[in-house]
Protein chains: 2
Amino acid sequence: MPQPSAPRTSLGRPPRISREEVVAAARRIVDADGVNRLTMRRLAAEIGSTPMALYHHVRSKDELLVLLLDDYAARTLHRPELPEEPRERVIVATDAIHSALADCPWIVDVLTADDLLSTSALWFVEQIIDGLLACGLTPRQAVHGYRAIWYYTAGEIVVRTTAARRRTDDDRPTYRERVFGELDPSELPRLEQVADRWASLTAEDTYLDGLRALVDGLLASR
Amino acid sequence: MPQPSAPRTSLGRPPRISREEVVAAARRIVDADGVNRLTMRRLAAEIGSTPMALYHHVRSKDELLVLLLDDYAARTLHRPELPEEPRERVIVATDAIHSALADCPWIVDVLTADDLLSTSALWFVEQIIDGLLACGLTPRQAVHGYRAIWYYTAGEIVVRTTAARRRTDDDRPTYRERVFGELDPSELPRLEQVADRWASLTAEDTYLDGLRALVDGLLASR
DNA sequence: GGTAGTTTTCTTACATGTACAGAAACTTAC
DNA sequence: GTAAGTTTCTGTACATGTAAGAAAACTACC
């Protein structure tokens, strides 16, 4: 696969499948049976090919997942009305990305890939950086600010969804539960104090609160 | 493995290996050959056992990695001098955890596990929450604040190390590079404006700046 | 000692991602 | 036509995590 999706030169054996077909078939499998059922063999069967043939169109299963996320973002990430006020624009744009990603908790690993995802997400990045600039940050500060926002957002999704995943396929007491049961009040009085409320407090969705705090802090540092 | 590390009742076939031995052997392999060389078969060979025997002492390879991180934290996470001023105490305690984790970029997946890691990390959590309380937050706000700080910290490490990992085992242009090459200046003027500086700007380590901003924002919301 | 019960270990087997080696199906140059 | 070159596809093979169940090594009770 020296040149994936290269301009068709009509040289060599004509391809029977395309990268787009592969992604589309993968999407069908994921939609129908969940991401766990997506294997290279199943995917090959779905499009009537062999597992290794897929590797001429995607470099690895990981890349396939990135493409899937791309595809997902392109279909579901619609541009919302953004408020005029720049600070609020940053919040709303970020929250839109966060909501879209939180709705598709498969591919958690993928969104750790890099700072920006698909082309369709770029518009949101643009809005975030524009908002930060409009608030008076320098371009340098704005890019760093966007990074911080992305760290926070990606971290929230990754931590939250993997924690949830572990909870479902596991009945034994969590590590957290074990640890909190054996707290030494004299050494860790604050944790002891909140121990019984910990589970319910950390179950609350405070993403937006944290985001607002972060953006406030970023703007205050200008 | 109904009761891992249960109180030895001297009933049943006596174990030839212990969970501690398994973790210690795993550590030896990781230290010597890197985390990629850590396979269940290799680990079994290292302690003169069989792969499946390991599964009576750790539930899965994932859990083994969690235990490895635990072990790592217990050995390297030393309690630093913390400043008196509570806001700065939060910063320093968090930064200590972050530094320790950033130094051990294997097990990225692990640290997404849950909000707190090993018992040795609890002291830091205590300090963070105590600092937030001392700044005037309610217990509820303090726990939420700690969560936000953890999201940001975990996100920074996960995003940064997986991006680095991808860069090393991959020579082809990054997705980011491809995307930034084809920016439409009329639609995405801000990105166009910073495009050439993007790589160097995002390479800078701004973890502490972002952390300070986040903590500032959290405290301002009180 | 024998039988049952319990815990740990071993053997075998399978699903998965993917490396490697060619075969197949084309185009271009002669 | 044939040979060479290029791209795509196929078949085989391997390393890995781990499920399932049999076997082993012990204790407790008779």
Side-chain angles (χ1 to χ4, degrees), chain A residues 1-22 25-26 29-30 33-68 106-107 109-110 165-166 169-170, chain B residues 1-22 25-26 29-30 33-68 106-107 109-110 165-166 169-170:
Chain A
M1 187 191 47
Q3 305 242 0
S5 299
R8 283 293 302 120
T9 62
S10 75
L11 183 68
R13 178 173 178 167
R16 294 169 68 161
I17 56 180
S18 67
R19 175 188 279 219
E20 288 69 29
E21 274 180 87
V22 171
I29 294 177
V30 170
D33 298 350
V35 75
N36 297 332
R37 298 288 182 191
L38 178 63
T39 72
M40 298 306 270
R41 288 174 228 276
R42 172 106 156 66
L43 181 53
E46 174 85 15
I47 59 182
S49 185
T50 62
M52 290 314 291
L54 304 174
Y55 284 85
H56 278 256
H57 302 90
V58 298
R59 187 196 320 219
S60 63
K61 190 180 178 183
D62 257 20
E63 186 182 87
L64 174 63
L65 289 176
V66 173
L67 293 173
L68 259 188
W106 43 286
I107 30 181
D109 331 311
V110 179
R165 190 192 301 171
R166 255 166 236 237
D169 53 35
D170 200 338
Chain B
M1 188 189 48
Q3 305 243 1
S5 299
R8 283 293 303 122
T9 61
S10 75
L11 183 67
R13 178 173 177 166
R16 296 169 67 161
I17 56 181
S18 67
R19 174 187 280 219
E20 288 69 31
E21 274 179 87
V22 171
I29 294 176
V30 170
D33 298 350
V35 75
N36 296 332
R37 298 288 182 191
L38 179 62
T39 71
M40 299 306 270
R41 287 166 172 65
R42 172 108 158 66
L43 181 55
E46 175 84 17
I47 59 183
S49 184
T50 61
M52 290 313 291
L54 303 174
Y55 283 84
H56 276 261
H57 305 275
V58 298
R59 186 195 323 217
S60 62
K61 189 179 179 183
D62 257 21
E63 186 182 89
L64 173 62
L65 289 176
V66 172
L67 294 173
L68 258 188
W106 41 285
I107 29 181
D109 330 313
V110 179
R165 189 191 301 171
R166 256 166 236 238
D169 54 35
D170 200 337

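Chain identifiers are assigned alphabetically (A, B, ...) following the order of the sequence lines, protein sequences preceding nucleic acid strands; residue numbering begins at 1 within each chain. None of the values given here were measured: they were computed from a predicted structure.
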Hey, which of these two, A:Lys61 or B:Ala53, hits DNA chain C nearer its 5' end, going by closest nucleotide?
B:Ala53
Atom-to-atom span, NE2 of A:His56 to C1' of C:dG22 - whole angstrom
12 Å
Can you tell me how far the NE2 atom of B:His57 sits from the CD1 atom of B:Ile47, to the nearest 0.5 Å?
7.5 Å
Interatomic distance where CG belongs to B:Leu11 and C1' belongs to C:dT6 [whole Å]:
5 Å
What distance do A:Thr50 atom OG1 and A:Tyr55 atom OH have between them, rounded to the nearest 0.5 Å?
11.0 Å
NZ/A:Lys61 to OG1/A:Thr39 distance, rounded to the nearest 0.5 angstrom?
6.5 Å
B:Ser49 side-chain N/O to C:dC10 phosphate OP1/OP2 under 4.0 Å:
yes
Calculate the interatomic distance between A:Arg42 atom CZ and C:dG17 atom C1'; express it in whole Å.
17 Å
So what does B:Leu43 hit on the nucleic acid, given a heavy-atom distance under 4.0 Å: a base, only sugar-phosphate, or nothing?
nothing
Which part of the nucleic acid does A:Arg16 contact within heavy-atom distance under 4.0 Å: base, sugar-phosphate only, or nothing?
sugar-phosphate
Candidate nucleotides D:dT18, C:dT18, C:dC26, ranked by approach to the side chain of A:Pro14 - the nearest:
C:dC26
From CD of B:Glu21 across to P of C:dT8 the rounded distance in Å is 14 Å
Would you mind classifying the nucleic acid contact of B:Thr50 as base, sugar-phosphate or nothing, using non-hydrogen atoms under 4.0 angstrom?
base
So, does A:His57 get its side chain near the phosphate of D:dT8, meaning an N or O under 4.0 Å from OP1 or OP2?
no
Atom CZ of A:Arg13 to atom P of C:dT28: distance rounded to whole Å?
18 Å
Starting at CG of A:Leu65 and ending at C1' of C:dG17, how long is that distance when rounded to a whole Å?
12 Å
Between B:Tyr55 (OH) and D:dG17 (P), how many Å, whole number?
6 Å
I want to verify a distance call: between C:dC10, C:dT18, C:dA24, whose nearest atom is closest to the A:Ser60 side chain?
C:dT18
Using 0.5 Å steps for rounding, measure from the CG atom of B:Asp62 to the CG atom of B:Leu68.
11.5 Å
Do you know which of B:Leu38, B:Ile29, B:Val22 makes side chain to side chain contact (heavy atoms under 4.5 Å, CB included) with B:Glu46?
B:Ile29
Over how many whole Å does the gap from B:Met40 atom CE to C:dA15 atom P extend?
20 Å
Starting from the 5' end of DNA chain D, give me the residue, A:Pro51 or A:Arg41, whose nearest nucleotide shows up first.
A:Pro51
